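Presented below is the structure to which this report refers.
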Amino acid sequence: MAAMGNLMKSLEMRRLERRMSQSELAAILGITQGHYSKISSGKLKLSKRLRASAEQWLGSFSSTYEGSDSERLKQLLGIIDASCAEAMHILNTK
């Protein structure tokens with residue numbers, strides 16, 4: 001539970017540093033602003049896929065990243081894949 005709290009704190013800190021709205025970050029993560037708001041307030045839990053998307057998004061800002069272009073592309077495709085999977089999950093649960 002503490003790890004999830006730390007992840008959400010990191011997401012919020014990075015979102016605010018980048019002057020992003022909740023809607024902008026939610027779109028990147030493949031969820032709605034309302035869903036993001038509920039997760040950030042602790043009303044909903046992070047799914048495994050959303051947690052993976054969030055961790056990948058946060059990891060994309062690592063100042064120590066020294067991977068090749070193909071490794072970076074794989075990372076970005078992983079983010080997209082996780083976001084699409086989360087969007088499909090949300091659509092299928094409504």
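For reference, positions follow the sequence shown, starting with 1. Predicted model, so just to flag it, every value in this text is computed and none were measured.
- Without hydrogens or angle criteria, Ser37 side chain to Gln33 main chain gives no donor-acceptor distance under 3.5 Å.
- The line from CG of Asn6 to CG of Leu11 is 11.0 Å long, rounded to the nearest 0.5 Å.
- Shown here is Met88, whose CE atom has no more than 12 heavy atoms of other residues, nucleotides or ligands within 6.0 Å.
- In the hydrophobic clustering of ILVMFWY residues, with side-chain heavy atoms under 4.5 Å counting as a link, Leu58 and Leu29 come out together.
- Note on Glu12 versus Arg15: salt bridge recorded, some NZ/NE/NH1/NH2 to OD/OE distance being below 4.0 Å.
- Once rounded to the nearest 0.5 Å, the distance linking OH of Tyr36 with CG of Leu25 reads 4.5 Å.
- Taking SG from Cys84 and CZ from Arg49, the interatomic distance works out to 11.0 Å, rounded to the nearest 0.5 Å.
- You'll find the side chain of Lys38 stays beyond 4.5 Å of the side chain of His35, heavy atoms only.
- With rounding to the nearest 0.5 Å, the separation of CD1 in Ile28 from CD in Gln56 is 13.0 Å.
- Here CD of Glu24 is found 12.5 Å from CZ of Arg19. Values are rounded to the nearest 0.5 Å.
- Minimum heavy-atom separation, Ile90 to Gly30: CD1-O, 3.8 Å.
- Looking at every heavy atom in both residues, Leu50 comes nearest to Ile31 through CD2-CD1, 4.0 Å.
- Note on Leu46: it does not cluster hydrophobically with Met13, by side-chain heavy-atom contacts below 4.5 Å among ILVMFWY residues.
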